[in-house]
Structures are given as C-alpha cells and as structure tokens.
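Beneath this line is the structure, given in structure tokens, with notes to follow.
Lettering of chains follows the sequences in order, A, B, ..., and the numbering in each one begins at 1.
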Protein chains: 2
Amino acid sequence: MEEERYSHPMAEGLTIGQAAAFVDITVKTVRHYHRLGLVAEPERDHSGYRRYGSADLLRLVQVRALAGAGVPLAEIGELLDAEPERFATALDDVRRRLTEQIEELMGRRDTLHRLAHGDRALLPDRACAVLERLAELDFSPDYVTTQREALVLSRALTPEVFDLFLANLEHRLDDPEFVELTKRGWEARSWDPDDPRIEELASAVAANLLGVRALLTLPAKRPHGPDAASRYGVVNHHREDEAPSIARLNGLVEGHLRAAGIDIPRQ
Amino acid sequence: MEEERYSHPMAEGLTIGQAAAFVDITVKTVRHYHRLGLVAEPERDHSGYRRYGSADLLRLVQVRALAGAGVPLAEIGELLDAEPERFATALDDVRRRLTEQIEELMGRRDTLHRLAHGDRALLPDRACAVLERLAELDFSPDYVTTQREALVLSRALTPEVFDLFLANLEHRLDDPEFVELTKRGWEARSWDPDDPRIEELASAVAANLLGVRALLTLPAKRPHGPDAASRYGVVNHHREDEAPSIARLNGLVEGHLRAAGIDIPRQ
DNA sequence: CTTGACCTTGACCTTGGGTCAGGGTTCACG
DNA sequence: CGTGAACCCTGACCCAAGGTCAAGGTCAAG
C-alpha cells in the first residue's frame with residue numbers, strides 16, 4: 001500500500017500553482033522566494049516540476065504573513081529561523097513600524113484634505129484670512145494668486161520676514177489709499193516700462209509706505225549664509241519677469257525707501 | 001539698478017540644492033522629476049547650473065504634496081495641469097485610496113498581533129482551544145506542533161474535512177483510552193518500522209476509532225478536480241517522512257478502517 | 001492527435017529614487 | 001592667488017518585490 005504511494009509519481013505533493021493558490025500569492029512570487037533563499041526549493045518530480053509538501057506550505061504561510069505585514073524579504077529568513085523570543089521581539093518591532101506608517105499616512109491624508117480646501121496646507125490661517133480679504137476688497141484674482149505665491153515663497157525662503165510681510169498686508173488693507181494705489185499698481189502691468197506715470201505712482205506708493213515706518217523695519221536677526229541674497233531676490237522679484245513695468249515700479253519704490261533710510265536687501 | 005540685477009549672474013534664482021531643501025527632498029529627486037517631465041527644467045546660468053525661480057518652487061511644492069500622498073508620479077503631471085474641478089475630483093480619489101491603504105495596514109497589524117499571540121491568525125478559535133487542551137492533557141510539544149500543522153494544512157487544502165477533523169479531536173479527547181493510545185502512537189515514532197507492536201497498536205487504534213462511526217464518515221460533497229488526491233495526500237501523510245514507523249502505523253490503521261467499510265481516500 | 005492549461009528557465013521592465021564615477025564651478029580662508 | 005570644501009553636471013548602474021514575455025516541456029481531456 002505504501003509502496004504504491006511512492007510509485008505513483010504524480011501524488012508526491014502540490015505543484016507550484018497549487019501551493020501559490022494555497023497562500024494566495026502568484027507562482028512568480030513563490031519562485032522569487034526560492035531565489036532569495038527564503039523558502040527552500042522542494043523536491044522535483046520526474047519531469048522537473050517542484051512538488052510542495054506540508055512543511056513547504058507552512059513555511060510559505062509564515063513568509064507570506066510577514067511579507068504581507070511589510071517586513072522586508074531580506075529580513076524574513078533570519079527572523080523565521082531565530083529563536084522564539086527573538087522572533088517575538090521582532091514581531092513587536094514590525095507592529096510598531098506598521099503603526100508609524102499608519103499614522104504617517106493619516107497625516108498625509110489630512111494634508112491632502114487641506115490642499116483640496118484651499119491653501120491651508122501651505123499657509124497659516126492668518127495668511128489665508130488676508131487672502132480672503134483681498135478677494136473681498138475686489139482685487140483681481142490674478143493679483144490674489146500672485147500674493148498667495150509670494151506668501152508661500154516668503155514663508156519657505158525667508159521665514160524671518162514672513163511675519164513682517166503678513167503684518168504689512170494686514171494693516172495696509174485698512175488704508176483705502178494703499179488699496180487704491182495697489183490696484184493701480186496692478187494695472188501698471190500693462191503699461192509700457194517707460195511710461196512716466198510709473199515714476200509718479202512709485203513716489204505715491206513710497207510715501208504711503210513710509211507712513212508706518214515700523215512695518216518697514218527688518219528684524220535685527222538678519223539671515224545668514226551666502227544664499228540669503230538670492231532667497232530675498234526670489235521673493236522680492238517674484239513674477240516680475242512677466243511684466244517689466246512692474247519690475248521698474250518696484251525698483252523705483254525700493255530706491256525711494258532706501259533714500260529714506262530703510263534697510264532693504266539688494267537682490 | 002535693475003541692470004545690475006541682470007548683470008549679476010549669481011542672483012538669478014536658487015540652485016538645485018536650495019530648491020530641494022525648500023521642498024524637503026533630495027537633489028536627486030528634483031532631477032528625477034525633471035527627467036519624468038513633472039517639473040519643467042528651469043533656465044541654466046552661465047555655468048550650466050539650474051536656477052529655480054518662484055514658479056518652479058511652487059510647482060515643486062505641489063508635486064511633492066501629491067507624491068507624498070502616494071499619487072504615482074506618472075499621474076501627477078496631468079493632474080496638476082488639469083482644470084480645477086477635475087483636480088478636485090482626483091484629489092478626492094487620492095484621499096479614498098489613502099484611506100483604503102490605511103485600513104489595509106491596520107488589518108495587517110491585527111494579523112500580526114494574532115500571529116504574535118499564538119496561531120489565531122491561521123486557525124479558528126475552536127481549533128486553538130483544542131490545541132490548548134492537547135497541551136493540558138500532557139501531550140508532548142512536538143505532537144502538539146504536528147497536530148497544529150496538520151490542522152493548518154487541512155483547513156487550507158481540504159476545508160470539507162477540516163470540520164470533521166476538528167470534531168474528531170474535540171470528541172476523542174474526552175476518551176481516556178484514545179488519549180492513551182495516541183500518546184503510545186507518538187512514542188512509536190522511535191520504534192523500528194517492523195516492530196510487531198505496531199500492528200497490535202494499529203488494531204487497538206482502529207477499534208477505538210470505529211467506536212464512533214459518525215466521526216469517520218466523510219461529507220457527501222467530496223472534493224473535485226484532479227488535484228484532490230494530492231491534497232489529501234499532503235494532509236494525511238504530513239510529517240510521515242520523519243518517522244517510517246508512523247507511516248506504517250497509519251497505513252495499517254487505514255487498512256483496518258477500510259476493511260470495516262469506512263471510505264478513506266487513497267493518497 | 002490536438003488543444004489548453006500547466007510547468008520550466010531566462011531575460012528584461014517597473015517605481016521612486018540612491019549611489020558611484022569623473023569632472024566643472026564657486027566661495028571663503030590663508 | 002592658490003587651495004580645499006562644498007556645490008553642481010551627466011551618465012550608468014543598483015535596490016525591492018515582483019510582472020511580463022519568450023521559448024519550450026508536460027499533462028489530462030476530448
């Protein structure tokens with residue numbers, strides 16, 4: 001009776017396809033595990049097919065459970081061959097890693113949520129409020145967008161002056177003259193860079209700004225490092241390339257302010 | 001003043017390293033995004049360095065937010081260039097995917113938790129209870145292990161007989177004679193396969209089993225397909241290769257049962 | 001005797017980058 | 001006015017964890 005069992009070549013175990021279905025993975029994955037030495041190669045039958053016995057299947061189940069939990073394949077081998085206590089410790093480790101991953105993903109989901117509902121991902125609430133106020137004051141959407149971008153850049157590149165920038169916007173928006181001058185400045189985008197009205201406007205803007213000198217004073221703790229200047233440059237001259245007239249306007253205003261003793265970084 | 005800006009080659013924007021630090025990624029990653037066309041290559045300065053302006057930085061921030069949320073890089077490009085409403089829909093989609101991922105990870109963590117606390121990942125509670133009972137009845141740990149493996153295999157490979165297998169164990173463990181015979185059977189592992197005591201033991205075991213014929217009747221719904229026999233074989237002859245005497249004992253018991261009219265699959 | 005479903009090996013593709021090699025640029029210090 | 005450190009450039013290869021394709025052998029059923 002038993003000899004018959006061994007003389008029947010087909011019954012010596014499961015084929016790779018059956019074994020793979022057993023642990024719910026693909027045939028290719030099983031072979032991958034063999035190549036990595038994670039699961040020993042089983043005996044082959046007379047035609048070269050792998051034949052899986054119970055021990056192989058159990059091993060596959062164990063490997064799959066760990067791999068499915070995110071344990072790198074390279075670690076699974078030694079882990080399964082370790083003593084029970086080390087195994088238990090390692091399992092706990094894996095569980096902690098999983099928990100961390102879950103929390104990180106939840107954080108990302110929140111970020112995305114905020115991204116979907118405006119710019120709350122990139123800017124603090126105070127800045128969002130200012131942007132909403134800009135829209136209420138009937139500034140053009142393009143202007144609001146440009147200011148939003150400038151805020152984002154300032155926050156990231158020159159955090160020391162971000163608060164100053166924000167405070168400026170917050171306070172100046174209460175000043176109807178400033179609002180009016182700024183809207184006119186935005187219209188200047190379409191002017192010729194040599195338009196004489198630009199100089200006039202620059203003088204008016206500078207005078208208005210100089211009305212509250214406290215808001216023009218950079219913090220004593222000036223930024224450091226050789227890239228400080230280029231960071232200022234990126235923020236200060238954001239989008240100027242789109243409108244040369246604006247570049248000229250800004251340059252003139254800066255000149256006025258410097259002439260009045262205000263410390264404005266060059267570039 | 002402005003000419004000076006443009007005549008100063010170094011101030012035309014941030015270098016790749018500064019830009020990368022800005023969005024908190026590596027230089028290599030930024031270049032990777034360029035190669036994928038996700039972020040347009042910025043202008044180069046006179047020495048061939050990439051120089052990043054505000055628009056580039058904003059784009060990098062957006063790309064990073066999406067990539068960080070798990071959106072495949074290949075999709076990010078068209079997503080960012082899509083109209084706002086399609087973008088919003090896509091964002092919602094991404095959020096759903098993230099939620100799914102989180103739930104899957106939590107499921108894995110649970111699985112791992114059960115894996116760490118015994119075999120509850122692989123076996124139903126009823127089976128775990130039986131295994132605990134085996135330990136209480138003072139069966140050797142090796143025997144318990146072997147039975148556990150047999151249960152796992154049976155559940156996966158021959159689910160139609162798994163319940164029968166389990167019911168058998170549950171009921172027979174109340175029978176002191178069965179317990180005694182089984183322990184003796186386990187000791188037979190170390191006997192010579194030709195030991196005459198094996199035949200004796202096989203008769204006793206068969207007689208005991210035949211005491212409750214209901215537990216020996218396979219379900220009418222027998223398994224299907226050409227691999228049914230090999231599946232039975234794997235379960236029935238699990239670990240026999242380790243002890244030829246056990247193989248002989250099992251064979252003899254099967255013979256007795258068949259002689260008594262019990263339907264036992266061959267192989 | 002053919003058909004279709006398996007099995008075998010081997011070589012290359014994928015994603016999101018990391019690492020190495022070989023060379024050019026810029027900057028601050030002495 | 002060097003010189004060293006810290007950048008930058010390109011290009012080529014490497015990783016996990018498999019997937020896909022190719023070219024052929026094997027098996028059971030009609």
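Atom CG in B:L38 sits about 13 Å away from atom C1' in C:dG17, given to the nearest Å. Rounded to an integer number of Å, the gap from CG of A:L14 to C1' of C:dC7 is 14 Å. One can place NE2 of A:H32 at 18 Å from P of C:dT14, the figure rounded to the nearest angstrom. In this structure, A:L60 atom CG and D:dG18 atom P are separated by 12 Å, rounded to whole Å. As a whole-Å value, the separation of B:E75 CD from C:dG16 P is 9 Å. Per the geometry, CD1 belonging to B:I25 stands 14 Å off P belonging to C:dG16, to the nearest Å. Atom NE2 of B:H46 is separated from atom C1' of C:dT25 by 8 Å (rounded to the nearest Å).
Although no hydrogens or angles enter the test, the distance criterion places no donor-acceptor pair under 3.5 Å between the side chain of A:R51 and the main chain of A:L14. A donor-acceptor pair is defined here as one N or O able to donate and one able to accept, closer than 3.5 Å; no such pair exists between the side chain of B:R109 and the backbone of B:E104. Between the side chain of B:Q18 and the backbone N or O of B:T15, at least one donor-acceptor pair lies under 3.5 Å. Distance alone, capped at 3.5 Å, is enough to place a donor-acceptor pair between the A:R248 side chain and the A:P193 backbone.
In this model, the phosphate group of C:dG17 is approached by a side-chain N or O of B:R64 to a distance below 4.0 Å at OP1 or OP2. Between A:Y33 and D:dG18 there is a side-chain polar atom (N or O) within less than 4.0 angstrom of OP1 or OP2.
Note on B:R59 versus B:D56: no salt bridge recorded, every NZ/NE/NH1/NH2 to OD/OE distance being 4.0 Å or above. Taking 4.0 Å as the cut-off between side-chain N and carboxylate O, A:R86 and A:D81 do not count as a salt-bridged pair.
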Steps toward side chain to side chain contact (heavy atoms under 4.5 Å, CB included) verdict (B:R258, B:I262)
CA-CA 5 Å; B:R258 285 204 191 92; B:I262 304 294; over 6 Å; no
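DNA chain D contains the following stems of three or more consecutive Watson-Crick or G-U pairs, with both distances under 3.5 Å: C:1-30 with D:1-30.
Inter-residue side-chain proximity for B:Y33 and B:L60 is flagged as met; some heavy-atom pair is nearer than 4.5 Å. Annotation: side chain of A:R64 is not in contact with side chain of A:D24 (no heavy-atom distance under 4.5 Å).
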Sequence-aligned protein contact record of nucleotides 1-15 of chain D, with B where the base is within under 4.0 Å of a protein heavy atom and S where only the sugar-phosphate is
------BSSBBB---
